[in-house]
Amino acid sequence: MFSEQRRQRILEILKAEQFVRISHLEQVLNASQASIRRDLRALEEAGLLKRAHGGASSNQAAGFELPLVQKEDRFKAEKAAIAKVAVGLIADGETVMLDAGSTTLQIARQLKQRRNMKVVTNAVNVAWELSSSEVEVTLTGGTLRRNTLALVGPLAGNTLASLHVDKLFLATNGIDLKHGLTSPNLVEAQTKKAMLDSAREVILVADHSKFGRIAFTQVCRLDRVHCVITDAGAPPDFIQALEKLHINVLIAGQPSRSAERVERAARAKDGHHTS
């Protein structure tokens, strides 16, 4: 395959995936890592993509955000697997918070058979999903963002400031080693920050397409996160970097560590920060 053909194929993949790893391109294009890196460099210089940690991301504007219905259709199997791991970390009697997002919606769907627990959410669709279950649901209130069905703004923030939950399952548009978690919307990012302040343990649920991406505004640095649940498509070197930051990483579909070990990692991380 000639370089022009490879580069066109790379752009086609990015149009669908938003982020692609170099190792994946090596397999798909049957090309060497050196050739792929040259292609990515040339495409970046042409303004057609952005090179990122371990691969490349789409050159969409930082404020770009897919509608929720399109997000739900992408990586459904991966998100369901991530949700299964997340639900396995929730003990009976706990109060958890579910952020707005397509992966957290999958968590809600898998929680419908549970009884002895409370869920706080700012997502209208998450609350609706749980409305037919015996889970006790609290909505934050706030202004509705139609693109994400999230309730945001001062009212949501005031509610969150008065609450304390055991676990927060947080969604993100991008996760980057330098810039942390980011969002395309400033008001929604502020609501996520209020969620962080209300939670004892922060668990990020993010499929592999979020790695290496940077959106418009920062939600938090990575050191605010205790655990990341992702799928096998996440870049291995990124995972290693997270673990060096004392962040517990669980890969959906692989033998997982117990909820008790996740709890111990969270306590150890908190102790590391306060020392």
Side-chain angles (χ1 to χ4, degrees), residues 18 65-142 144-152 156 160 163 165-173 175 181 183 188 191-192 195 198-199 201-210 225-234 249-254 256-259 262:
Q18 305 302 311
E65 185 174 26
L66 283 172
L68 183 61
V69 65
Q70 292 185 34
K71 291 180 183 178
E72 288 186 40
D73 286 338
R74 301 179 72 240
F75 311 115
K76 273 188 173 180
E78 289 89 341
K79 291 173 182 177
I82 291 168
K84 182 177 181 180
V85 175
V87 169
L89 300 180
I90 302 172
D92 285 344
E94 285 193 320
T95 299
V96 302
M97 187 178 295
L98 296 182
D99 187 13
S102 53
T103 305
T104 49
L105 178 61
Q106 288 285 348
I107 295 175
R109 287 171 177 163
Q110 296 187 34
L111 280 177
K112 293 175 74 170
Q113 303 306 315
R114 302 285 286 268
R115 295 183 178 182
N116 184 27
M117 65 173 301
K118 299 178 182 179
V119 170
V120 177
T121 185
N122 71 323
V124 174
N125 56 340
V126 166
W128 177 255
E129 189 68 37
L130 292 170
S131 65
S132 60
S133 74
E134 295 188 31
V135 175
E136 182 180 323
V137 181
T138 299
L139 266 171
T140 63
L144 179 66
R145 285 200 70 223
R146 291 181 176 84
N147 205 34
T148 61
L149 294 183
L151 297 172
V152 299
L160 290 165
L163 301 177
V165 301
D166 297 299
K167 292 181 172 73
L168 162 64
F169 291 93
L170 185 69
T172 189
N173 290 79
I175 174 172
L181 310 185
S183 168
E188 191 153 352
T191 302
K192 290 177 185 287
M195 289 181 172
S198 299
E201 184 179 350
V202 177
I203 302 171
L204 177 69
V205 288
D207 68 73
H208 66 274
S209 70
K210 308 299 177 59
V225 177
H226 297 98
C227 177
V228 173
I229 308 176
T230 187
D231 60 80
V249 181
L250 301 179
I251 309 296
Q254 294 184 2
S256 63
R257 287 161 280 191
S258 67
V262 174

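Given the structure is predicted, the values throughout are model-derived calculations rather than measurements.
Rounding to the nearest 0.5 angstrom, the gap separating the OG1 atom in T104 from the CD1 atom in I82 is 11.0 Å. Taking CZ of F75 as the start and CG of D207 as the end, the distance is 5.5 Å to the nearest 0.5 Å. Remark: S131 OG to K112 NZ distance equals 7.5 Å, nearest 0.5 Å. Atoms CD1 and CD1, on I203 and I90 in that order, are 7.5 Å from each other to the nearest 0.5 Å. Interatomic distance, H208 NE2 to I175 CD1, rounded to the nearest 0.5 Å: 13.5 Å. Note that the CD1 atom of I251 and the CD1 atom of I229 stand 10.0 Å from one another [nearest 0.5 Å].
Annotation: side chain of E94 is not in contact with side chain of M117 (no heavy-atom distance under 4.5 Å). For the pair F169/V96, a side-chain contact is recorded, criterion being any heavy-atom separation below 4.5 Å from C-beta on. At least one side-chain heavy atom of E129 sits less than 4.5 Å from a side-chain heavy atom of L105. In this structure, N173 and L181 have side chains that are not in contact, with every pair of non-hydrogen atoms separated by 4.5 Å or more.
Judged by distance alone, the side chains of S133 and Q113 never bring a donor and an acceptor atom under 3.5 Å apart. For the 3.5 Å distance criterion, the side chains of S183 and K192 fail to qualify, holding no donor opposite an acceptor.
Listed for the H226 side chain is a donor-acceptor partner under 3.5 Å among the backbone atoms of V202.
Residues satisfying the side chain to side chain contact (heavy atoms under 4.5 Å, CB included) test with A83, not counting sequence neighbours, are Q106, I107, Q110. By the side chain to side chain contact (heavy atoms under 4.5 Å, CB included) test, S198 pairs with M97, L160, sequence neighbours left out.
Of all heavy-atom pairs between T140 and V120, the closest is CG2-CG1, 4.2 Å. Shortest non-hydrogen contact noted between L151 and T191 is O-CG2, 3.9 Å. Minimum interatomic distance between N125 and L149 (heavy atoms only, all atoms of both residues): CB-CD1, 3.8 Å. A pairwise comparison of heavy atoms in G101 and A171 identifies CA-CB, 4.4 Å as the closest pair.
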> Run the side chain to side chain donor-acceptor pair (under 3.5 Å) check on S102 and K79 step by step: do they pass?
Replying inline: CA-CA 8 Å; S102 53; K79 291 173 182 177; 2.8 Å; yes

> Is there a side-chain contact (heavy atoms from CB on, under 4.5 Å) between L89 and L250 once you walk through the steps?
Replying inline: CA-CA 11 Å; L89 300 180; L250 301 179; 4.0 Å; yes

>> Apply side-chain contact (heavy atoms from CB on, under 4.5 Å) to residues N122 and M195 and explain how you reach the verdict.
In response: CA-CA 9 Å; N122 71 323; M195 289 181 172; 2.9 Å; yes

> side-chain contact (heavy atoms from CB on, under 4.5 Å) between L111 and V87: does it pass, once the steps are laid out?
Replying inline: CA-CA 7 Å; L111 280 177; V87 169; 4.0 Å; yes

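A salt bridge links D92 with R114; the closest basic N to acidic carboxylate O contact falls under 4.0 Å.
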